[in-house]
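Scroll down for the structure; my scribbles are underneath it.
In each ligand, atom 1 is the first atom listed, and ligand 1 is the first ligand listed.
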Amino acid sequence: MPGRAECDVLVVGSGAGGFSAAITARHLGLDVLMVEKESLFGGTTCYSAGVIWIPNSTHARAAGIDDSAENALTYLESIAGNRLDRARASAFLEAAPEMLAFLEANTHVRYGLVPTWADYEPDLPGGSNGGRSLAPEPFDGRRLGKRFDNLRPPLQSMMLLGGMMVGRTDLPHLYNMMRVPKSAWHATRMFARYGVDRFKWKRGTRLANGNALIAALALTAEEKGIPLWLDAPVMRLVVEGGRVSGAVVAKDGREVHVTARRGVVLAAGGFAGDGALKARLYGHIAAGREHRSLPPSTNTGDGIRLATAQGAGFQEDVHHPAAWTPVSFLPQANGPPLPFPHFIDRGKPGYIAVDRRGRRFVNEAKSYHVFVPAMIEACRGDERTECWNICDHAAIRRWGLGAAPPRPVRLKPYLDSGYIVSGATAEELARRIGVDPAGLAATIRDYNAGARRGEDPQFGRGTDAYQRFNGAPGHAPNPCVAPLDKPPYYAVRLVPGDIGTFAGLMTDGAARVLDKEGRVIEGLYAAGNDMASVMGGTYPGAGITIGPALTFGYVAGRQLAGLH
Ligand SMILES: Cc1cc2nc3c(=O)[nH]c(=O)nc-3n(C[C@H](O)[C@H](O)[C@H](O)COP(=O)(O)OP(=O)(O)OC[C@H]3O[C@@H](n4cnc5c(N)ncnc54)[C@H](O)[C@@H]3O)c2cc1C
C-alpha cells in the first residue's frame, strides 16, 4: 500500500533554494513539506562560502554605497549580453533586497556586507567596486541540537585540523596571526573553541560560510514547524488536469503519494552529478579531459528530469553550462584524494600559473570562472588539460598554496604526500612536474622583470578592484604582483572543475517553470541550480548563485501564497 501525505507546498531539496521557498511559504501561512534525497541536509550550499550577490541591499545603503537595480542591470547586460533574460534579471534585482530584509527579519539568517568585495568585472558599465557581496555571520551549530549531525559538513579539504571551519572574515586573521596581535587573539579564540568542541562533537560547532546559512535556515524551519523528510527522494511528479498536483516520494522503502494543493518547488541543486549530461554539455569532458565537480555527486539533475518529463524546457543556451573553478587534489592516507577549489591563492603576489610548456596563459588574478576556460584553451592541443600554480618560498609561507596553509603550519606533510612539489631552481621544479624547464625558467625571468616594478605587462594582474581585493592588502605598489625570487619554488597541479551547474530549467521572473514554448506549467516552480542561471551562464560577482537561489525561493514562496 503506498502511503499518502498532503500539504499546500512540496519543496524538493534542502539547499538555499529549497529552504528559502519553504520558509517564505510557511511564513505566509501555508502548510509546507520539505523532502531531501540524502540523509544529510543542505546540499552544495553547505560546501559553499554562503556568499550572496544582492545589489542595493539595505546593508549597502546603510554603508553609504550608491547603487540601484538599474545600475546592476546595466552590469548584467554588459557581462551576459544577449544571453541575459532581461525580465528575469529585473525580477531578481527587484526582489533580492526585499528577500534579504525578509530573511533577516523573520529567520536566524544574518549577513554582513563586505564593502570592498568588488564585482568580478568591476570596470564594465554598471560594475561595482564593492557593496554587492555579503557573507553570512558565523552561527553556533550547537543551537541545532541533534539536527547538527544531519547538517552536511563542508568539503573536508576546506576545514582546518580536520573539522574547524574558516570563514571569509577569519582568513585575514589567520594570514596575519604571526604578526598582528589582534589577529593572534582572533585565531587563538577560534582554536580554543574548536579544541573544546572536539570533546563532544565530531567537528567544530562554530559554523561559517554555507554551513552557517543552512544551519540558520534549518533552525528557523524547525521552529516554524516545517517537516523535513531525509532519505526521501522525489521519484516523479503527479499531474492532474494539466497542473502539477504533487509528487511520489520514496520513503522508508515505500512510495508516498504527496498531494501538494498549491504546487511543487524544485530545488534539487542542478546536474553536477549527472555524468552523461555533463559529457554532452562540457566540451572538455566530451574530449576525454579530466574534470572534477565539487557539488555532492547525488545532485544528479533529478529536478530537471522530473520537470522535463512533464514538458518543461531545458535551457542550454548559456555562456557556460557550469560555474568553473580550478581544482587540486589533496592525497589522503586512507581514502581517495580530496578536491580543493582554488578561488583566491592564484591572485596573491608571488604566484603564477603555467601550462606544460612553462608558459603563462591568463591573468591569474581574474575569477575562477575565467581561469578555467583559459586553461582549457591553453591545453587544447595537449594530451591533458592541466596547469600548475607556482610560487616561491616567501609566498607559500605567507599565503599557503591551495590546501597547504601558510606559516606556522609545516609544509613537510604536503611535500611528503606529493600534494605540492618543490625545486631549488625553476628548472628543477619544472623537471619534477613534467614542465619544460627552459620554458618555466624564461617565464619566471620575464615575469620577475615587470614584477619588480609591480607590473605584469603580459596580462595586467592587479588592474581592477576585484583582483586587488583578492591580492594582498597593503602590498605596494601592486597587491597582486611580486617577483618569484626566493627559492625554493613550489607547484600544485590544477585541473578543471565546477561548483555547480548553470544550464537548467526555463523559468519566468515569478520562478514558474515554463514549457519549451515558454508557457507556464501550472503548479511547478524552480529555485537554485534547477533553474537556468539568471546570469546567462556568466559569473558577475561573488554570490551570484546563492543570491538568486534564496531570491527565487522567496519569490516562489510568495507566488504560492498568492502574493505577486
Ligand atoms: C566550494 C564551493 C563554494 C561555493 N561558494 C559559493 C558562494 O559563496 N556563493 C554562491 O553564490 N555560490 C557558491 N557556490 C555554489 C553554490 O553552492 C550552489 O550554486 C548552490 O548552493 C546551489 O543551491 P541549490 O539550493 O540549488 O542546491 P543544493 O544546495 O545543492 O541543494 C539541493 C538539494 O537537493 C537534494 N536533492 C537532489 N535530488 C533530489 C530528489 N530527487 N529529491 C529530494 N531532494 C533532492 C540534494 O541532495 C541537495 O541536498 C559554491 C560551491 C562550492 C562547491
Practice prompt. If you have a sec, work out which protein heavy atom is nearest atom 16 (C) of ligand 1 and how many Å separate them, to one decimal?
Written response: T545 OG1, 3.5 Å
Fill in: Other residues, nucleotides, ligands: >12 heavy atoms within 6.0 Å of K224 NZ
yes
Discussion item. Would you say T300 and D274 are linked by a side-chain donor-acceptor pair, where the criterion is simply a distance under 3.5 Å?
Written reply: no
Worksheet item: For residues T325 and H369, is any side-chain donor paired with an opposing acceptor at under 3.5 Å?
Response: no
Item to complete: Only heavy atoms count here, so choose which of L294, V11, I499 is nearest to atom 52 (C) of ligand 1.
Response: I499
Worksheet entry | Distance from atom 44 (N) of ligand 1 to nearest protein heavy atom, with residue and atom | K37 N, 3.0 Å
Worksheet, complete the sentence: Interatomic distance, CD1@I65 vs OG@S57, rounded to 0.5 Å, equals 7.5 Å
Practice prompt. May I ask you to identify, for A267, whether its side chain, its backbone, both or neither come under 4.0 Å of ligand 1 on a heavy-atom basis?
Written response: backbone
Worksheet entry | Nearest non-hydrogen protein atom, atom 47 (O) of ligand 1 | E36 OE2, 2.6 Å
Worksheet entry | Per-residue contact class, D302 against ligand 1 - non-hydrogen pairs under 4.0 Å | side chain
Worksheet item: Out of V234, T45, I544, T501, whose heavy atom is nearest to atom 42 (N) of ligand 1?
Response: V234
Discussion item. Check contact between C46 and ligand 1, using heavy atoms of the residue and a distance below 4.0 angstrom.
Written reply: no
Discussion item. For Q310, I'd like to know if atom CD has over 12 heavy atoms of other residues, nucleotides or ligands within 6.0 Å.
Written reply: yes
Practice prompt. Using a 4.0 Å heavy-atom cut-off, say whether F343 meets ligand 1 through its side chain, its backbone, both or neither.
Written response: side chain
Worksheet, complete the sentence: For atom 50 (C) of ligand 1, the closest protein heavy atom turns out to be S48 CB, 3.5 Å
Worksheet, complete the sentence: Heavy-atom proximity to atom 2 (C) of ligand 1 ranks first, among Y368, Y47, F340, for Y47
